[in-house]
2 protein chains.
Amino acid sequence: MSSQRFTPTLNDVAQQAGVSTATVSRCLNSPERVIESTRNKVFEAINSLGYSPNFGARVMAARRTNTIGAIIPTMENAIFARGLQAFQEELRMQGYTLLVASSSYQQDIEEEQIRSLVARGADGLLLIGHDRKSDICQFLETQDVPALVAWTHDATARLPSIGFDNRKSMQALATHVLEMGHRRIGVISADTNTNDRARLRVEGIRDACRVAHLNPDALQIIQTTYGIESGAKAFAELISGPNHPTAIMCGNDVLAVGAMKQARDMAIDVPKDVSITGFDDIELARVVTPALTTVHVPHRDMGRRAAQTLINMVVSKTAVSSVELSTDTCLRGSLAPPPAP
Amino acid sequence: MSSQRFTPTLNDVAQQAGVSTATVSRCLNSPERVIESTRNKVFEAINSLGYSPNFGARVMAARRTNTIGAIIPTMENAIFARGLQAFQEELRMQGYTLLVASSSYQQDIEEEQIRSLVARGADGLLLIGHDRKSDICQFLETQDVPALVAWTHDATARLPSIGFDNRKSMQALATHVLEMGHRRIGVISADTNTNDRARLRVEGIRDACRVAHLNPDALQIIQTTYGIESGAKAFAELISGPNHPTAIMCGNDVLAVGAMKQARDMAIDVPKDVSITGFDDIELARVVTPALTTVHVPHRDMGRRAAQTLINMVVSKTAVSSVELSTDTCLRGSLAPPPAP
DNA sequence: GTCACCAATGTAAGCGCTTACATCATCATT
DNA sequence: AATGATGATGTAAGCGCTTACATTGGTGAC
């Protein structure tokens, strides 16, 4: 019960218990290898000293951490939340700890975070999307840290991925929109240069146009950042131009919800005057009025399987192949035929 | 360009560059102390080897990490997202890295995460709320890791806090509700046993009742978990009882939005038939129809100031005093006088 | 009684890094 | 030319832990 500031070490515990440091270490790591009476003495000492092992030292000596790192573009909205929560729950169950960092959708920050988590001894990494410089992949290979990409699927990419086909999923939704009779389509997307999910989703819409013999270049596309306010602003812009779209397809639900809010503020009726669609099917989609037509992504399943896959990669040190999950188109109230001309 | 799996160390770099390990270390930590020509040689070696410092070793030798840990109850919804994002941005600006862990609103998991982050060398910790066992506070003191509590304010608590008065804020909102004429009030709250914010908010409603000479025990309170679906379910329960409330006050916006969704599904008009209020003023609140009456919490400001305060604690190793931020009541469409009897 | 064997514990060598201190060259000052 | 600053670099001692290997003493087989 000394009140001085002093952090007890393994050595202190050993002395207090009258054993060697090796024995204390064994008590902590493989208790069955030390006889009960000794073990009791040691744990008594540990408690009375308030000892807690130093992680850094431990890692250095044992060279593994049971830690998985995840770097997501943002924590600010719910896109990644559900999947990540499932990811973490599964990891916990298997005895791993999750460390999360966010990159604010910026490649250089992501790179910095990757290095930081690797340096901290992450045994494996979960990343979002395939858009990153190849030297950082090289770095991961050199360091021998397995990495898994989620939220997208690309069997040809350098890193294995577990996710869905953003392009195909969006094409399916766009096909519905076109079949309803819409011909002037607006798109609100995130930056397609640095965000492969956004890029692929836009490509999916273009694919659908081609199939329907429409000129994909006629799409009115606005690129912005993910966020409700951005969606609102982009909607206002699209809708106030001449020849404005009768359907606005958004790169995700957050943008779509922003668009719907703006529509309401401008007294534009959804879906009578204009249809709006999203992507992700986060909880939000069912909360707004009318409910949002969107693409359902199996976030929890993806998160759980990502955890299993990544642990597998870490443990077996072998490569795994990419997994494609399927999505569903969710038709809800925000999509209807275009108004009569 | 060797392809074998081998992680280069400081020593390898030193040899490759023909200098001592000390010089390499200096290049990394205080480059101005190394002459340019040497520095170039070293960085060349670093790049050609793909060297990346080992964090554990570094921490052990230098005994600080420039890392701040945060443990939040959940990542699953947006309650903590905005504040945490601001927290992280401020930390980054000051050269600190943020590590986030989540506790799923469970005390024992929180404790485990605290130990884990401390063991990983977090220089300081951000925690949410004051409800935790005292031995874990003792642990933090022994380990000499400063911790700051956010999302609530309590000048008398053991740990310093930066936040707002949950009780007073909710009382202010409840007073509005009562002034509008509501007499039968329902409450949807998170678990008040383990969540001090939830407890204080309910207390605030009771305070308002007392002031209005109403019996606080007449409140119809349902405790549930935070989540849209939970809110919906609780709403259905409250509304279908006899003598059902004319106003339902929710512990946060997420619950409130769930309640509104359920109202819509049950064809109950908000606010004509029943009023609904939230707490937090997350983006969601302005997206639903009608917009949600709630308490505005200055999340970003709180996050930013928490970062500054915590860094200050870490650097100066001195205690700081708690800071109280003020909240605003946001009156929006979801609150109206009760229907005529 | 001797020996081999085994379980319990101790000894000590690192793990990769930082940093106090020592060394050495350089250069302005006297 | 001798002196002392000054700045650049090297030397080596840990940081707290794990673990291969060494030691010890007790067991049962012969």
Side-chain angles (χ1 to χ4, degrees), chain A residues 6-43 45-46 49-67 115-116 118-121 123 142-145, chain B residues 6-43 45-46 49-67 115-116 118-121 123 142-145:
Chain A
F6 130 96
T7 307
T9 71
L10 230 216
N11 199 9
D12 298 321
V13 175
Q15 280 190 273
Q16 170 106 176
V19 300
S20 74
T21 60
T23 300
V24 178
S25 176
R26 277 190 282 260
C27 281
L28 260 22
N29 298 300
S30 38
E32 74 284 358
R33 293 185 45 200
V34 5
I35 209 166
E36 190 173 347
S37 59
T38 317
R39 218 187 307 150
N40 289 151
K41 269 193 311 192
V42 170
F43 280 120
I46 287 181
L49 255 41
Y51 168 77
S52 167
N54 176 313
F55 183 79
R58 200 166 200 174
V59 171
M60 216 167 91
R63 359 205 56 247
R64 67 191 142 54
T65 61
N66 277 25
T67 297
R115 288 182 190 281
S116 159
V118 168
R120 266 158 228 277
D123 291 336
T142 311
Q143 298 280 319
D144 204 15
V145 174
Chain B
F6 129 97
T7 307
T9 72
L10 230 214
N11 200 6
D12 298 322
V13 175
Q15 280 189 276
Q16 169 106 183
V19 299
S20 74
T21 60
T23 300
V24 178
S25 176
R26 277 190 282 260
C27 280
L28 260 22
N29 298 300
S30 39
E32 73 283 358
R33 293 184 46 199
V34 174
I35 209 169
E36 192 175 343
S37 59
T38 316
R39 217 188 308 149
N40 290 149
K41 268 193 311 194
V42 170
F43 280 120
I46 288 182
L49 255 42
Y51 168 77
S52 166
N54 175 313
F55 184 78
R58 200 165 200 175
V59 171
M60 219 168 86
R63 350 196 73 251
R64 69 191 141 54
T65 60
N66 277 24
T67 296
R115 288 183 190 280
S116 158
V118 167
R120 283 178 157 69
D123 290 335
T142 311
Q143 299 280 320
D144 204 15
V145 174

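Quick note on labels: first sequence line is chain A, next is B, and so on, each numbered from 1. Predicted, not measured: the structure shown is a model, and the values here were computed from it.
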- Looking only at side-chain atoms of B:Ser20, point me to the closest of C:dG16, D:dT11, D:dA20. D:dT11

- Query: For residues 27-42 of chain B, which residues have at least one heavy atom under 4.0 Å from DNA chain C?
  - Reply: B:Asn29

- Item | Protein-nucleotide distance (B:Tyr51, atom OH; C:dC17, atom P), rounded to Å | 3 Å

- Message: Please tell me if A:Ser25 has a side-chain N or O lying less than 4.0 Å from either OP1 or OP2 of D:dT18.
- Response: yes

- Would the number of heavy atoms belonging to other residues, nucleotides or ligands and lying under 6.0 Å from CD of A:Glu36 be above 12? no

- Between NZ of A:Lys41 and OG1 of A:Thr38, what distance do you get to the nearest 0.5 Å? 5.5 Å

- Query: Can you check the A:Arg58 CZ to D:dC17 P distance for me, whole Å?
  - Reply: 9 Å

- Nearest-neighbour nucleotide for the A:Leu10 side chain, D:dT18, C:dT9, D:dG16 considered: D:dT18

- Hey, are the side chains of B:Thr23 and B:Val34 touching, using non-hydrogen atoms and a 4.5 Å cut-off? yes

- Could you give me the CA-CA distance, side-chain angles and deciding distance for A:Leu28 and A:Phe43, then say whether side-chain contact (heavy atoms from CB on, under 4.5 Å) is met? CA-CA 9 Å; A:Leu28 260 22; A:Phe43 280 120; 4.1 Å; yes

- Checking all strands, does A:Val59 fall into the base, sugar-phosphate, or nothing category for heavy-atom contacts under 4.0 angstrom? nothing

- Quick one: B:Met60 CE to C:dC15 P, roughly how many Å, whole number? 12 Å

- Task: Hey, which sits more toward the 5' end of DNA chain C by its nearest nucleotide, B:Phe55 or A:Thr21?
- Result: A:Thr21

- Item | Residue of the set B:Ile46, B:Asn54, B:Thr21 for which side-chain contact (heavy atoms from CB on, under 4.5 Å) holds with B:Leu10 | B:Thr21

- Task: Mind checking the CD-CZ spacing from A:Glu32 to A:Arg39? Nearest 0.5 Å is all I need.
- Result: 8.0 Å

- Note on the structure: From CG of A:Asn11 across to C1' of C:dT11 the rounded distance in Å is 13 Å

- Query: So, is B:Arg26 near the phosphate of D:dT9, with a side-chain N or O under 4.0 Å from OP1 or OP2?
  - Reply: no

- Query: Are any of B:Thr23's side-chain N or O atoms less than 4.0 Å away from OP1 or OP2 of D:dT9?
  - Reply: no

- Can you tell me the distance, in whole Å, between the CG atom of B:Leu49 and the C1' atom of C:dG16? 14 Å

- Task: Examine distances only and state if a side-chain atom of A:Asn40 and a backbone atom of A:Ser37 form a donor-acceptor pair shorter than 3.5 Å.
- Result: no

- Message: C:dG16, OP1 or OP2 - any side-chain N/O from B:Thr9 closer than 4.0 Å?
- Response: no

